[in-house]
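Numbered from 1 within each chain, the chains take letters A, B, ... in sequence-line order.
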2 protein chains.
Amino acid sequence: MSHVTLEDVARAADVSLATASRALNGRRVTPHLHDRVLAAAARLAYTPNAHARALAGASRRSVGVVCHDVTDPYFAAVAGGVMRVAADNDLLVMLASTFRDPEREIAYVSMLRAERAPAILLIGSGFEDPRWERAMAAELAPYLDGGGRVAVVSRHRTLKVDSVLPENRAGAAELARALLGLGHRRFAVLSGPPELTTVADRLGGFRDELTAAGVALGPGAVAEAAFTRDGGYRAMTELLDRGLDATCVFACTDVMAVGAYAALRDRGLSVPGDVSVAGFDDIPVVRDLTPPLTTVALPLHRLGEEAMNLALTENTGRRRRIVRLPGEVVMRASTAPVA
Amino acid sequence: MSHVTLEDVARAADVSLATASRALNGRRVTPHLHDRVLAAAARLAYTPNAHARALAGASRRSVGVVCHDVTDPYFAAVAGGVMRVAADNDLLVMLASTFRDPEREIAYVSMLRAERAPAILLIGSGFEDPRWERAMAAELAPYLDGGGRVAVVSRHRTLKVDSVLPENRAGAAELARALLGLGHRRFAVLSGPPELTTVADRLGGFRDELTAAGVALGPGAVAEAAFTRDGGYRAMTELLDRGLDATCVFACTDVMAVGAYAALRDRGLSVPGDVSVAGFDDIPVVRDLTPPLTTVALPLHRLGEEAMNLALTENTGRRRRIVRLPGEVVMRASTAPVA
DNA sequence: TAGCACCCTGAAAGCGCTTACTGAAAGCGC
DNA sequence: GCGCTTTCAGTAAGCGCTTTCAGGGTGCTA
């Protein structure tokens, strides 16, 4: 496990350590020596030790990212934006998937802190648990004090850091209007874990708009489940078992809508013949479903890109920066006018 | 950007650096001092500097992973397996998405080498380009010599490292048999970039099995495109434009099959009424397509998990380890018997 | 030719941590 | 009670690199 060190290179090139370092880092060095160092480095297959560099004070080209689940198409898309920016800037991404475990999320932030990553990204809805919030804030505070930058995507309001926020509430409201415009008056909702802020926003925006139009969303019309395909399946099935009395179902995420399609199909119901279905996010696959899903399209890649932009640039102002990205309702064939 | 250091903790606890270090690392220390150190560390919100630790010789808990595109459901699923094992072992994952750029892949391996990651995973088909192969081998050799571990998933044979190999050839052959069993005799194939080894294996296995059954795959029956949804769309459209003369289309990856569905739909053709379609991989979404896609199911999560297992354990033998994971043909409604 | 400014190179001081190694104190048998 | 082992805290030596600082050429001006 012995590595070629800068000292080896310097010796091979018959120069001092300092010169070797300078040559490799593109500082001014006599061309002659410069070439000799580079040749020696290449010959010895020298790879600088990133730890030593970091310790000696060189700035690190890395970024830490914590998300719920890389497997989920939503996060995969956002992560895609992150990776794109990272690749364009030669950054190393330290990615952690917490599998939606709040404890693990904090543990990972701690690890990233230990790595002295200059920036940390938190991707995905926060947890509305005061204890968790306090713990996370405590973890982040010294990091921020130490000059670390933090950016969050679609994250709880109470974390006072730079944020990228999809306009969940407005998007859901707009979707509600569009659905009302199709003549729907009886709705059902597939909701996610109530402690997630995203749920509160989307459900809230949707419900408020209905209320404004004089349409009520009965307590039995909302089913909760995990933000997964199977969660959507279960929630839809539950609604069906309760005796669904709705012409339109709103799934808080597209992934849940996919499960809902399956549940409806298994019951022999057709979309949108028997019931219209709408989702949220516009993950890549939903346009290829049959029927293509009506949804609120979020610029998923941009969520990741903008977060990286926040994380990579110093916040010079005194206030936290917030990038709001609007969603756009995309009407597809999964929603039909009420007969 | 000044951080709390171990020295600060030691001073606060009124012990020596060594004692502080030992206490924090769980070495034997008088309980009294032990508690004092831990209390001081907590009070100061101390986070050890991972670089300093690594430099001083502590083993690193990290793994480097390079894949083509985290956005792709196939890689997302494999990465999911990787992240799961990482989470269970408290490992930090340094993930790079190369966006299918061979140069970038080598550049990332170099970065990972600089990070002194104890293990590197290469996920996704290799490039059959001798120059690239040589460059990659040159990059890997000193890393392996230095005690680094490398594991690859679904990767070129010529890279002499521990590998996890989905049985592409056998899987494609089995699929071909199943399709022949349905009575199909005229086939078309949506193929990927020919320099990818995965393509060679899947196409080769499929074609050989047809040949063995006395069925030929004409040159015009194969369309090449990128391993993406849009690639599948384009390849399918191209086949259609050529005047598709097949009862069954084999898409080398499920993602391409998704695009093929769309292309067929746009031409008003039905699956499997007008043409049967089969894919490969069994990415999560294909069972929710209409009709659900016949495919060769690979244990995607396990690909990632097994690779991690290889990467985390020392190869004690002298030969490289190979874990072969078989695919299983899953017949769904996208393929029908020939009338 | 002497003097001055400049540009490069090399020597050396850390960055924050782990870990021999050293040494003191305590426990044991005889 | 003396010399032995054992236990555990402290001292200090690096890990590999960047960077400051000092010194020695070089080219210029006077």
Side-chain angles (χ1 to χ4, degrees), chain A residues 1-38 40-41 44-62 111 113-118 142 146-147, chain B residues 1-38 40-41 44-62 111 113-118 142-143 146-148:
Chain A
M1 197 56 172
S2 116
H3 278 275
V4 176
T5 72
L6 187 59
E7 194 182 347
D8 298 328
V9 175
R11 198 177 309 127
D14 195 29
V15 297
S16 74
L17 243 80
T19 303
S21 171
R22 280 188 281 252
L24 291 169
N25 287 306
R27 297 282 216 310
R28 277 210 69 71
V29 164
T30 305
H32 181 222
L33 293 186
H34 183 268
D35 294 349
R36 233 161 62 193
V37 171
L38 262 56
L44 299 176
Y46 169 69
T47 307
N49 183 322
H51 299 303
R53 306 188 71 174
L55 194 57
S59 70
R60 289 221 72 203
R61 304 203 57 72
S62 69
M111 287 179 76
R113 212 142 80 71
E115 293 290 327
R116 295 297 186 270
Chain B
M1 197 59 173
S2 113
H3 278 275
V4 176
T5 71
L6 186 60
E7 193 182 347
D8 299 327
V9 175
R11 198 178 306 127
D14 195 29
V15 297
S16 74
L17 242 81
T19 303
S21 171
R22 281 188 281 252
L24 291 169
N25 288 307
R27 297 284 218 307
R28 277 210 69 71
V29 165
T30 304
H32 180 223
L33 294 186
H34 183 266
D35 294 349
R36 236 162 61 194
V37 171
L38 262 56
L44 300 176
Y46 169 70
T47 307
N49 184 322
H51 299 303
R53 305 187 71 172
L55 195 56
S59 70
R60 289 221 73 204
R61 303 205 58 72
S62 69
M111 286 180 76
R113 213 142 79 71
E115 294 290 328
R116 297 296 186 268
Y143 178 71

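For B:Ala52, the side chain to side chain contact (heavy atoms under 4.5 Å, CB included) partners two or more places apart in sequence, or in a different chain, are A:Leu55, B:Asn49. Qualifying side chain to side chain donor-acceptor pair (under 3.5 Å) partners for A:Ser16, counting only residues two or more places apart in sequence or in other chains: A:Thr19. The side chain to side chain donor-acceptor pair (under 3.5 Å) search around A:Ser62 returns none, not counting sequence neighbours. The side chain to side chain donor-acceptor pair (under 3.5 Å) check on B:Arg27 picks up nothing, with sequence neighbours excluded. Applying the side chain to side chain contact (heavy atoms under 4.5 Å, CB included) rule to B:Ala56 yields no partners; only residues at least two apart in sequence or on another chain are considered.
Interface limits on DNA chain C: the 5'-most and 3'-most nucleotides within less than 4.0 Å of chain A heavy atoms are C:dC8 to C:dG16.
Shown for residues 20-36 of chain A: residues whose heavy atoms fall under 4.0 angstrom of DNA chain D, namely A:Ser21, A:Arg22, A:Asn25, A:Arg27. Scanning residues 46-53 of chain A for heavy-atom distances under 4.0 Å to DNA chain D yields A:Tyr46, A:Pro48, A:Asn49, A:Ala52, A:Arg53. Scanning residues 6-19 of chain A for heavy-atom distances under 4.0 Å to DNA chain C yields A:Val15, A:Ser16, A:Ala18, A:Thr19.
For the helix from C:dT1-D:dA30 to C:dC30-D:dG1, the end axes, each set by the C1' atoms of five terminal pairs, are bent relative to each other by 40° (nearest 10°).
When all heavy atoms of B:Ala23 and B:Val29 are compared, the pair lying nearest together is N-CG2, 3.9 Å.
For residues 49-61 of chain B, the set of pairs meeting the salt bridge (charged side-chain N to carboxylate O under 4.0 Å, His left out) definition, not counting sequence neighbours, comprises A:Glu115-B:Arg60. The stretch residues 4-21 of chain B participates, sequence neighbours left out, in these salt bridge (charged side-chain N to carboxylate O under 4.0 Å, His left out) pairs: B:Glu7-B:Arg11, B:Asp8-B:Arg11.
Within the 3.5 Å criterion, the main-chain N or O of B:Pro118 finds a donor-acceptor partner in the side chain of B:Tyr143.
To the nearest 0.5 Å, the span separating CZ on A:Arg22 from CG on A:Asn25 amounts to 10.5 Å.
The shortest distance between side-chain heavy atoms of B:Leu6 and B:Pro48 does not fall below 4.5 Å. Between B:Thr47 and A:Pro142 there is no side-chain heavy-atom pair separated by less than 4.5 Å. Using a 4.5 Å heavy-atom cutoff, the side chains of B:Leu44 and B:Val9 are in contact.
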- request: In sequence, state the C-alpha distance, the side-chain angles, and the governing distance for A:His34 and A:Arg28, and then conclude on side-chain contact (heavy atoms from CB on, under 4.5 Å).
  value: CA-CA 9 Å; A:His34 183 268; A:Arg28 277 210 69 71; over 6 Å; no

query: How far apart are the C-alpha atoms of B:Val37 and B:Leu24, what are their side-chain angles, what is the distance that settles it, and do they pass the side-chain contact (heavy atoms from CB on, under 4.5 Å) test?
result: CA-CA 7 Å; B:Val37 171; B:Leu24 291 169; 4.0 Å; yes

